[in-house]
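Encoded as structure tokens, the structure appears first; notes follow it.
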Amino acid sequence: MIKKHYKRILVTSALTYANGYTHLGHIAGSILPADMYVRYLRLSGYDVIYICGSDEYGTAIEMTSIQESKTPQEIIDKYHFANKLAYEALGVSFDIYSRTSSEIHKKTSQEFFKKLYDKGLLYLKSEKQLYSEQEGRFLADRFVIGTCPHCRYEEARGDECESCGTTLSPLELIDPRSKITGDRPVVKESSHFYFPLSKFQTKLEEWMSTKSNWKANVLNYCKGWFKSGLRDRAITRDLKWGVPVPLEDYRDKVLYVWFEAPIGYISNTKEYFASKGDTDKWKEYWMSSDTKLVHFLGKDNIVFHAIFFPAMLMAHGDFVLVDNIPANEFMNLEGSKQSKSKGHAIYVKDVVEKFNPDSIRYTIASNMPENKDTDFYWEDLQARNNNELAAILGNFVNRTFIFSDKYFDLMVPPLSGEYQPIDKEILSKLKSYSESIASYYENYKFKDAVSETMNLAREANKYFNDTEPWNVIKHDKQRCGVIINTCLQLCYSFAILFNPVLPFTSMKMLKMMNMSGSDLKWSDAYAVALKEDHRLNKPEILFSKIENEEIKNL
RNA sequence: GCCGGAGUAGCUCAGGUGGUUAGAGCGUCGGAAUCAUAAUCCGCAGGUCGGGGGUUCAAGUCCCUCCUCCGGUACCA
């Protein structure tokens, strides 16, 4: 059980960077586990909100806009709305999916900065940087290329030489030039505000030492950073595209994306409650110690959520710190990593047009990269859909409904007479499975949760086989009624237990059962929820088979 | 280079603090059943756990070393 002292749960998925279409890697890493988690929590009656959005500022978007000859605003509009729609099509149940280009975010992140500034925590430091006079901008390290001073590789990046692996500074490069325009930059001084991360190391380590339930990879990763000593970090940039620094003398600078973006979780929470007409309610979620804050994300941004953002919040002082970071590894595609630039990725917007979104969700959840990188295979989608969703779950619901139609006129048959041991056994399994599945969800074990749920569907099929209603109907209709009643209760349970991973199918099943989907409760999964003589609707096929031709050439 | 993670049946993956014959699903093969989208249920076979070395009565699990892959490496996010 979730610890009692938490009154509400605040769940975030890593903001999606709005310079590309969201792909299955994002879903597997930070979106689907969070969505399943919040769907489970809602069913169990917890007070939970689920926050996400687009991350829309920073160097990379400015560069994309130059490359595509568009304005940054055009870039983020294109991807923000496309990704928002894609998530909806996949059934992701954000309470809000907003954007960091919003006014409310600008205000919130500026206030955050100002508070740290007023507390005297920030300091200015001047540094030499490369400046392109042609482009009128300072160049970010990785947007400078030049010759590596160690191995003479001519295309080395300003932050690292990909040829010899040496960590570089752009000023070390021989013959540096802008990656975008090829312009030869000049060295120029610029001052930036620094966040004193080093001062927070002890506090962070103490805080993290209480997090023994965190995943080992997250804790070890942070220990590595602590071991080498945290360094202060520049939190402003010389960019045009970003949240302006809220100080008169520094209007030409913007806040560093990784300072401002996580504040987006707060801004979006504000926006959510403001839209509901309750302007101050966000404070309950962000400023009460009885809020459980959970960040879902991929391994690539552990450091920002486990170290940098918590340090910012500590510095600010008013906010709750994260309770857990169930970071996932990556989901690759057919053996190699997904990459936008190489065109090797499955975009959500494309895949939801071709296949049942629940089949996609189920396939990803079943192979979620909880412990190590995993691979998505089209053949796996086909196999999961055909052999599990259609053959086990779909078939059980179908055979139950067809039978109810044929022999009981689509009415829930009465429970006349006593349950036999075999009935009691499946009903008690229903309870124990519901509990173990719940425990898996609460402990972020989504793969286990899903496979356990499917195992229960296998048990249901076994019950149907073992009780042989097709034989019993010939000589004992009352007994057969008890069996089919039980099977129908199981169908209702599946609508609840599968809801976190198969939300669309869950609703379809409830419609077939002529039951409301608005007040589903986890605990009803092991109650006798369907009344005798309750009228059912005509059955529909839940999952159609995916044929070989459909996954060829994908 | 440095820090962290991973390498387990044909395939995809599980395997706190070392301990009986290393697990699951899929696939394969065999059987039962025929209400059901030829859908179900039962069973057999199949790995010595990336390579090498070590500690131990006992190692997939701890230590050393090597190889391969992934993430981070503080101005990409």
Side-chain angles (χ1 to χ4, degrees), chain A residues 14-17 19 55 57-61 63 127 129-130 138-144 150 157-160 164-167 169-170 192 197 215-228 230-234 236-239 256-258 261 298-304 307-308 327 329-330 332 336-337 366-377 379-380 383-384 386-388 390-392 394-404 406-407 445 447-448 451 454-455 458 460-466 468-473 484 487 539 541-545:
Chain A
L15 301 184
T16 309
Y17 201 56
N19 74 336
D55 175 10
Y57 287 130
T59 312
I61 282 171
M63 292 301 148
E127 275 190 345
Q129 275 188 281
L130 292 179
F138 283 94
L139 299 174
D141 289 4
R142 67 170 47 200
F143 288 100
V144 182
H150 301 96
R157 285 198 323 226
D159 56 345
E160 181 189 29
C164 68
T166 314
T167 305
S169 137
H192 283 292
L197 192 56
K215 282 189 176 184
N217 62 340
V218 177
L219 288 174
N220 288 338
Y221 179 87
C222 293
K223 277 181 199 155
W225 277 67
F226 291 142
K227 212 169 112 191
S228 52
L230 298 183
R231 304 208 295 270
D232 296 351
R233 237 175 137 120
T236 53
R237 293 287 184 276
D238 290 302
L239 283 177
Y256 171 43
V257 174
W258 267 115
K299 63 178 166 180
D300 54 331
N301 52 44
I302 290 173
V303 63
F304 296 104
I307 294 179
F308 194 49
E329 307 289 313
F330 284 178
N332 301 317
S336 57
K337 74 180 276 202
S366 298
N367 202 13
M368 194 170 273
E370 290 173 354
N371 303 307
K372 61 174 182 182
D373 288 4
T374 62
D375 281 282
F376 179 90
Y377 290 91
E379 282 187 14
D380 191 39
R384 296 276 182 192
N386 294 0
N387 304 335
E388 296 179 35
I392 313 241
N395 179 45
F396 175 74
V397 173
N398 189 247
R399 68 204 297 207
T400 299
F401 266 77
I402 297 284
F403 205 95
S404 305
K406 218 188 251 180
Y407 298 105
K445 293 180 177 293
K447 257 199 300 209
D448 286 339
S451 73
M454 192 53 82
N455 282 339
R458 291 189 169 94
N461 273 311
K462 182 172 164 52
Y463 173 78
F464 200 108
N465 279 15
D466 292 349
E468 303 183 345
W470 61 89
N471 284 332
V472 177
I473 190 68
I484 294 304
C487 288
I541 295 295
L542 294 178
F543 296 93
S544 48
K545 294 283 182 69

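What's counted below: heavy atoms across the whole structure, side chains too, no hydrogens, waters or symmetry copies. Just so we're on the same page: letters track the sequence lines, and every chain starts at 1.
- Heavy atoms of A/D55 sit under 4.0 angstrom from primed sugar atoms or phosphate atoms, though from no base atom.
- Across the interface with RNA chain B, nearest-nucleotide mapping of A/R399 and A/A60 shows A/R399 to be the residue nearer the 5′ end.
- Classified by interplanar angle (parallel below 30°, tilted 30° to 60°, perpendicular above 60°), the ring pair A/F464/A/F403 is perpendicular.
- Within the nucleic acid shown, A/G58 comes within 4.0 Å of sugar-phosphate atoms alone, with no base atom in reach, counting heavy atoms only.
- Backbone-only contact: A/D375 has heavy atoms under 4.0 Å from sugar-phosphate atoms and none from a base.
- Contact annotation for A/I302: no contact, since no heavy-atom pair falls under 4.0 Å across all strands.
- To the nearest whole angstrom, the two C1' atoms, one in B/A33 and one in B/A39, are 13 Å apart.
- Residue contacts shown for A/E160 include a base, since a base heavy atom lies under 4.0 Å away.
- The distance from the CG atom of A/N367 to the OG atom of A/S451 is 11.5 Å, given to the nearest 0.5 Å.
- Using a 4.0 Å heavy-atom criterion, one finds that A/L230 contacts the bases of the nucleic acid, with or without backbone contacts as well.
- Between atom CG of residue A/N332 and atom OH of residue A/Y377 there is a gap of 9.0 Å, rounded to the nearest 0.5 Å.
- In this structure, A/I541 reaches the bases: a heavy-atom distance under 4.0 Å links it to at least one base atom across the strands shown.
- Bracketed by its first and final contacts, the part of RNA chain B lying under 4.0 Å from non-hydrogen atoms of chain A reaches from B/G1 to B/A77 in 5' to 3' order.
- Residue contacts for A/N371: at a heavy-atom cut-off of 4.0 Å it reaches the sugar-phosphate backbone alone, with no base atom in range.
- Residues satisfying the side-chain hydrogen bond (donor to acceptor under 3.5 Å, both in side chains) criterion with A/N455, sequence neighbours excluded, are A/R458.
- Residue A/E370 is classed as having no contact, given no heavy-atom separation below 4.0 Å to the nucleic acid.
- A salt bridge links A/E329 to A/K299: at least one charged side-chain nitrogen sits closer than 4.0 Å to a carboxylate oxygen.
- Inter-residue side-chain proximity for A/F330 and A/K337 is flagged as unmet; no heavy-atom pair is nearer than 4.5 Å.
- Within 6.0 Å of CD in A/E379 there are 12 or fewer heavy atoms belonging to other residues, nucleotides or ligands.
- Across the interface with RNA chain B, nearest-nucleotide mapping of A/K227 and A/M368 shows A/K227 to be the residue nearer the 5′ end.
- Heavy atoms of A/D300 sit under 4.0 angstrom from at least one base atom.
- At a threshold of 4.0 angstrom between heavy atoms, the contacts of A/F138 with the nucleic acid are absent.
- If you check every strand for non-hydrogen atoms under 4.0 Å, A/E379 touches nothing.
- Nucleic acid contact for A/N386: none, since no nucleic acid atom lies under 4.0 Å from a heavy atom of the residue.
- Annotation: cation-pi geometry not satisfied between A/R233 and A/Y256 (NZ/CZ under 6.0 angstrom from ring centroid, within 45° of ring axis).
- B/G54 and B/A9: their C1' atoms are spaced 28 Å apart (whole Å).
- Between A/F138 and A/F143 the shortest side-chain heavy-atom distance does not fall below 4.5 Å.
- Pairs of Watson-Crick or G-U wobble type, with distances under 3.5 Å, assemble into runs of 3 or more in RNA chain B at these ranges: B:1-7 with B:67-73, B:10-13 with B:23-26, B:29-32 with B:40-43, B:50-54 with B:62-66.
- Aromatic ring pairs are classed by plane angle as parallel below 30°, tilted from 30° to 60° and perpendicular above 60°; the pair A/F308 and A/F304 is perpendicular.
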